[in-house]
Amino acid sequence: MPQLDFSVFPSQLFWLSVTFFAMLFVMSKIIIPRIAEMINLRREKIDDYLEKSAEIKEKAEEALERYHNALKQATDEANQSLQKTQQDLKNMIDRRQADLSEELNRQISEGEKKIQASKEKVMKQAEEIAAELAGEVVKKLGFKVSAKALQAAVKETGGEK
Amino acid sequence: MSNPMEQFVIKPLIPIEVGGVDISFTNSALFMVLAAAVSTLLLAVCLRKRSIVPSPAQSVPEGAYEFISNLLRENVGPEGLKYFPFIFTMFLYVAFGNLLGLFPYAFTFTSHLTAVGSLSLIALLFNICIGIKRKKLGWLRTFMPRGIPMALAPLIVPIEMISFLSKPFSLTVRLVANMTVGHIMLKIIAGFVVALGVAGVVPVLFNCCIVCFEIFIALLQAFIYTVLSCIYLGDALHEH
């Protein structure tokens with residue numbers, strides 16, 4: 001078997017060492033640094049991007065929180081202003097109602113007074129008319145009674161009703 | 001039918017002799033040069049245009065890089081990454097030695113005990129150097145593990161030495177045997193093609209399948225050779 005021919009060993013060892021170490025030299029000085037450089041660059045870039053994305057995510061979360069806060073604040077304010085308006089409206093309605101009922105009461109009492117006055121007036125006229133009528137009746141009957149006495153008599157009876 | 005072993009014969013192309021030692025540039029040496037040059041050039045071409053987003057060509061060296069660095073991390077640990085260039089080169093050297101040998105008329109230097117043995121010898125010396133550098137004299141503990149009574153030393157030390165030296169030997173034999181068998185099989189079946197005439201189509205098709213399988217074996221054996229080298233490197237770095 002030619003594989004077991006050890007006479008070629010020096011030549012094999014020599015050339016293998018030369019080629020292997022030459023290759024090792026080129027690999028470690030040129031090829032491997034070039035590969036490693038690119039891989040490291042890529043890893044750095046990816047890490048950089050990841051870092052950036054984390055940063056952006058944080059910012060977005062912050063913005064979201066701010067938005068939520070603003071929303072909450074706005075809702076609170078709106079609620080407050082709504083409540084205030086409702087209160088104002090209620091107050092106004094109450095006031096108006098109070099004014100109105102006061103006015104109405106006043107008008108009612110005025111009207112009552114007027115009614116009372118006209119009632120009295122009517123009563124007085126009725127008395128006068130009754131006195132006059134009584135005077136006429138008395139005159140026709142042939143009696144003579146002073147107007148004053150008549151009036152007093154009418155008043156007396158009228159008062160009895 | 002030609003001799004299936006003929007393909008493994010080493011022929012000197014440029015005879016060189018230094019101090020009585022024959023170091024002729026042989027067909028084997030030619031393919032060693034080719035394996036080193038082709039793999040290096042291929043990676044260099046793939047890396048010509050580099051971008052953050054890798055092009056298909058760029059992902060070849062990067063894939064190999066990630067593959068070997070994962071191998072080292074898993075088998076040796078993070079400190080093994082220091083020896084990355086050595087393991088990376090070894091993987092590519094063996095892989096391309098195997099793959100280039102599959103071309104017709106090519107020579108497979110990884111099927112030679114002397115060639116792979118030389119590589120394993122380099123790996124062994126590399127391991128010993130690292131071990132001594134890391135552990136200083138404690139490296140000798142490799143042959144005399146802690147907790148073993150001194151009385152057993154005459155027995156343990158030779159056994160450990162044999163086990164230490166048998167590792168590169170088994171690495172070598174595994175690779176050489178795989179490569180040799182594959183190539184002999186290809187050659188023998190190819191020999192049937194002419195002998196069978198029209199029916200020779202069958203061995204041709206069969207050989208096509210075997211070539212595909214051999215490509216797989218070439219990469220697998222390069223991988224196994226590298227993994228085991230990593231494991232031995234791990235042994236050199238850690239207490240065992």
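Chain letters run A, B, ... following the sequence lines, proteins first, then strands; residues in each count from 1.
Distance alone, capped at 3.5 Å, is enough to place a donor-acceptor pair between the B:Arg50 side chain and the A:Arg34 backbone. A:Trp15 contributes no side-chain N or O that, together with a main-chain N or O of B:Phe31, makes up a donor-acceptor pair within less than 3.5 Å. A donor-acceptor pair is defined here as one N or O able to donate and one able to accept, closer than 3.5 Å; such a pair exists between the side chain of A:Ser11 and the backbone of B:Ser24.
Summarising the local packing, CZ of B:Phe169 is surrounded by 12 or fewer heavy atoms from other residues, nucleotides or ligands at distances under 6.0 Å. Summarising the local packing, CZ of A:Arg106 is surrounded by more than 12 heavy atoms from other residues, nucleotides or ligands at distances under 6.0 Å. Enclosure of atom CD in A:Glu132 is not indicated, since only 12 or fewer non-hydrogen atoms of other residues, nucleotides or ligands lie within 6.0 angstrom. Dense packing is recorded around CD of A:Gln107, with more than 12 heavy atoms of other residues, nucleotides or ligands lying under 6.0 Å away. When the shell of 6.0 Å around CZ of A:Phe21 is examined, it contains more than 12 heavy atoms from other residues, nucleotides or ligands. Atom CD of A:Glu58 has 12 or fewer neighbouring heavy atoms from other residues, nucleotides or ligands inside a 6.0 Å radius.
Interatomic distance, A:Met23 CE to B:Tyr93 OH, rounded to the nearest 0.5 Å: 8.0 Å. Interatomic distance, A:Ile35 CD1 to B:Phe88 CZ, rounded to the nearest 0.5 Å: 4.0 Å. Between A:Leu13 atom CG and B:Ile122 atom CD1 the span is 6.5 Å, to the nearest 0.5 Å. For the atom pair CG of A:Leu16 and CZ of B:Phe109, the computed distance is 6.5 Å after rounding to the nearest 0.5 Å. One finds the CZ atom of A:Phe20 at 5.0 Å from the CE atom of B:Met90 (value rounded to the nearest 0.5 Å). Annotation: the span from A:Ile31 atom CD1 to B:Thr89 atom OG1 amounts to 10.0 Å, rounded to 0.5 Å.
The parts of B:Leu92 that come within reach of chain A are both its backbone and its side chain, each placing non-hydrogen atoms under 4.5 angstrom from that chain. Residue contact with chain B, scored on non-hydrogen atoms closer than 4.5 Å, involves the backbone and the side chain of A:Ser17 alike. For chain A, the nearby part of B:Val21 is the side chain; its heavy atoms alone come within less than 4.5 Å. Interface remark: A:Ala22 contributes no atoms to any contact with chain B (heavy atom separation under 4.5 Å). Residue contact with chain A, scored on non-hydrogen atoms closer than 4.5 Å, involves the backbone and the side chain of B:Leu119 alike. Both the backbone and the side chain of B:Phe86 come within contact range of chain A, judged by heavy atoms closer than 4.5 Å. Residue contact with chain A, scored on non-hydrogen atoms closer than 4.5 Å, involves the backbone and the side chain of B:Pro54 alike. Interface remark: B:Thr40 contributes backbone and side-chain atoms alike to the contact with chain A (heavy atom separation under 4.5 Å). Interface residue B:Ser51: only backbone heavy atoms are found under 4.5 Å from chain A.
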- List the steps and the verdict of side chain to side chain contact (heavy atoms under 4.5 Å, CB included) for B:Met32 and A:Val18. CA-CA 9 Å; B:Met32 290 173 187; A:Val18 168; over 6 Å; no
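Between chain A and the residues B:Val18, B:Val9, B:Leu113, B:Leu47, the largest count of heavy-atom pairs under 4.5 Å involves B:Leu47. Of all the listed residues (B:Pro61, B:Ala44, B:Ala115), the one sharing the greatest number of non-hydrogen pairs under 4.5 Å with chain A is B:Ala115. Residue with the most contacts toward chain A among B:Gly97, B:Ser39, B:Ser118: B:Ser118 (heavy-atom pairs, distance under 4.5 Å).
Contact check for B:Pro85 versus A:Leu24: side-chain heavy atoms found under the 4.5 Å cut-off. Between B:Glu66 and A:Ile39, the closest side-chain pair of non-hydrogen atoms falls below 4.5 Å.
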